[in-house]
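One structure below.
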Amino acid sequence: MTNTAILYTPKFKQTLIDLHEKGHSFKELHEEYGPSLDTIRKWVQAATVIAIDHQGTAVTNA
């Protein structure tokens with residue numbers, strides 16, 4: 001059995017995150033770019049700011 005996992009670059013992931021933040025749905029991004037809905041959703045959740053620390057740095061789930 002071979003590993004058929006596709007590795008996406010950080011730049012590609014950030015592009016999809018940015019597009020989602022600009023109003024594109026997970027479904028639209030999946031249909032146009034290929035990663036699964038769950039994969040895109042996980043990327044967006046990991047990049048979402050959850051707090052700002054005392055130094056003014058954004059804190060994300062990643």
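Remember, predicted model here, so these are calculated numbers, not experimental data. Below, all heavy atoms of this structure are taken into account, side chains as well, without hydrogens, waters or symmetry copies.
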**Asked** Would a 4.5 Å heavy-atom cut-off, applied to side chains only, mark Leu16 and Tyr8 as touching?
**Response** no
**Prompt:** Under the 3.5 angstrom rule, does the side chain of Glu31 hit a backbone N or O of Glu28 as a donor-acceptor pair?
**Reply:** no
**Request:** To the nearest 0.5 angstrom, please state how far the CH2 atom of Trp43 sits from the OG1 atom of Thr15.
**Result:** 10.0 Å
**Request:** Taking all non-hydrogen atoms of both residues into account, name the closest pair between His20 and Val44 and its distance.
**Result:** CD2-CG1, 3.6 Å
**Atom pair CG (Leu19) and OG (Ser25), whose distance is rounded to the nearest 0.5 Å** = 11.0 Å
**Prompt:** Roughly how far apart are Thr48 OG1 and Ile17 CD1, rounded to 0.5 Å?
**Reply:** 8.0 Å
**Asked** Looking only at heavy atoms, what is the nearest atom pair of Pro35 and Ile40, with distance?
**Response** O-CD1, 3.6 Å
**Prompt:** How long is the gap from CD1 on Ile6 to CZ on Phe12, to the nearest 0.5 Å?
**Reply:** 9.0 Å
**Asked** Which residue pairs pass the salt bridge (charged side-chain N to carboxylate O under 4.0 Å, His left out) test when at least one of the two sits in residues 8-26, sequence neighbours left out?
**Response** none
